[in-house]
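Here is the structure we will look at.
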Amino acid sequence: MSRELEIKTVITEFDSLDELPASDAALLEVAGNAADSAYAPYSHFNVGAAVLLENGEIVPGNNQENVAYPSGLCAERVALFSVGAHHPNITVKAIAITAKSERFNLDEPLAPCGACRQVMVEYEKKAGQSIRIILRGQEGKIHVINGVTDILPLSFSSDKLKGK
Ligand code: THU
């Protein structure tokens, strides 16, 4: 017998920054500033991320490109690995991600790439609690997601290494 299993993702959409909780708007602002100093001479697509820690500290990151293209790294992983290096024992509570391009106007929320979602799942597991995700483009609507597994269901996790 076969059956269809449905997976549900819940996104809270806000029309403008004014409607967003102040702490989310503040985190997005740090992400926006980080995007301004991204090193993206090849794509001209500047991404900024800001990670909120349990102690209130905010750790920024931005994309770092390389002439050998795959050697570069996304903003989200730059920020999260910086947390791992500098604050290894402090829980990640939220991440805001935004992007801007000088070539076009990005008016939709930026969705993080699959590899960054996988890294976020790792930090969520490590923290033992959900990481709030706040997404925005250069302007327009904002998407808030309550946990990484919502945007990376069926993820590869450490349970799989142990078997049942
Ligand atoms: N990029 C990010 O920083 N985060 C994402 O989630 C998607 C893509 C970067 C990688 C590259 O420097 C540029 O955006 C274009 O792909």
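Both counts, for ligands and for their atoms, begin at 1 and track the order of listing. Computed from a predicted model, the values in this text were never measured in an experiment.
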| field | Residues in the immediate environment of ligand 1 (any heavy atom closer than 4.0 angstrom) | value |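 Within 4.0 Å of ligand 1, the protein residues are Ser43, Phe45, Val47, Asn63, Glu65, Cys74, Ala75, Glu76, Pro112, Cys113.
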
| request: Apply the side chain to side chain contact (heavy atoms under 4.5 Å, CB included) test between Leu52 and each candidate in Ile131, Asp24, Leu27; give the one that qualifies. | output: Leu27

| side chain to side chain contact (heavy atoms under 4.5 Å, CB included) with Pro112: which of Leu152, Val47, Leu135, Val119? |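 Going through Leu152, Val47, Leu135, Val119 one by one, the side chain to side chain contact (heavy atoms under 4.5 Å, CB included) with Pro112 is satisfied by Leu135 alone.
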
| query | Do the rings of Tyr42 and Tyr69 sit parallel, tilted or perpendicular, given the 30° and 60° boundaries? | reply |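 Ring orientation of Tyr42 relative to Tyr69: tilted.
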
Using residues 94-101 as the side-chain source, report each donor-acceptor pair under 3.5 Å to any protein atom, sequence neighbours left out, with the distance given to one decimal.
residue: Thr98; atom: OG1; partner: Arg136; partner atom: O; Å: 3.0
residue: Thr98; atom: OG1; partner: Gly137; partner atom: O; Å: 3.0
residue: Lys100; atom: NZ; partner: Gly32; partner atom: O; Å: 3.3
residue: Lys100; atom: NZ; partner: Asp36; partner atom: OD1; Å: 2.9
residue: Ser101; atom: OG; partner: Arg103; partner atom: N; Å: 2.9

| With a 3.5 Å cut-off and no angle check, do the side chains of Gln129 and Thr91 form a donor-acceptor pair? | no

| message | Please give me the minimum heavy-atom distance between Val78 and Gln64, naming the atom from each residue. | response | CG2-CG, 4.1 Å

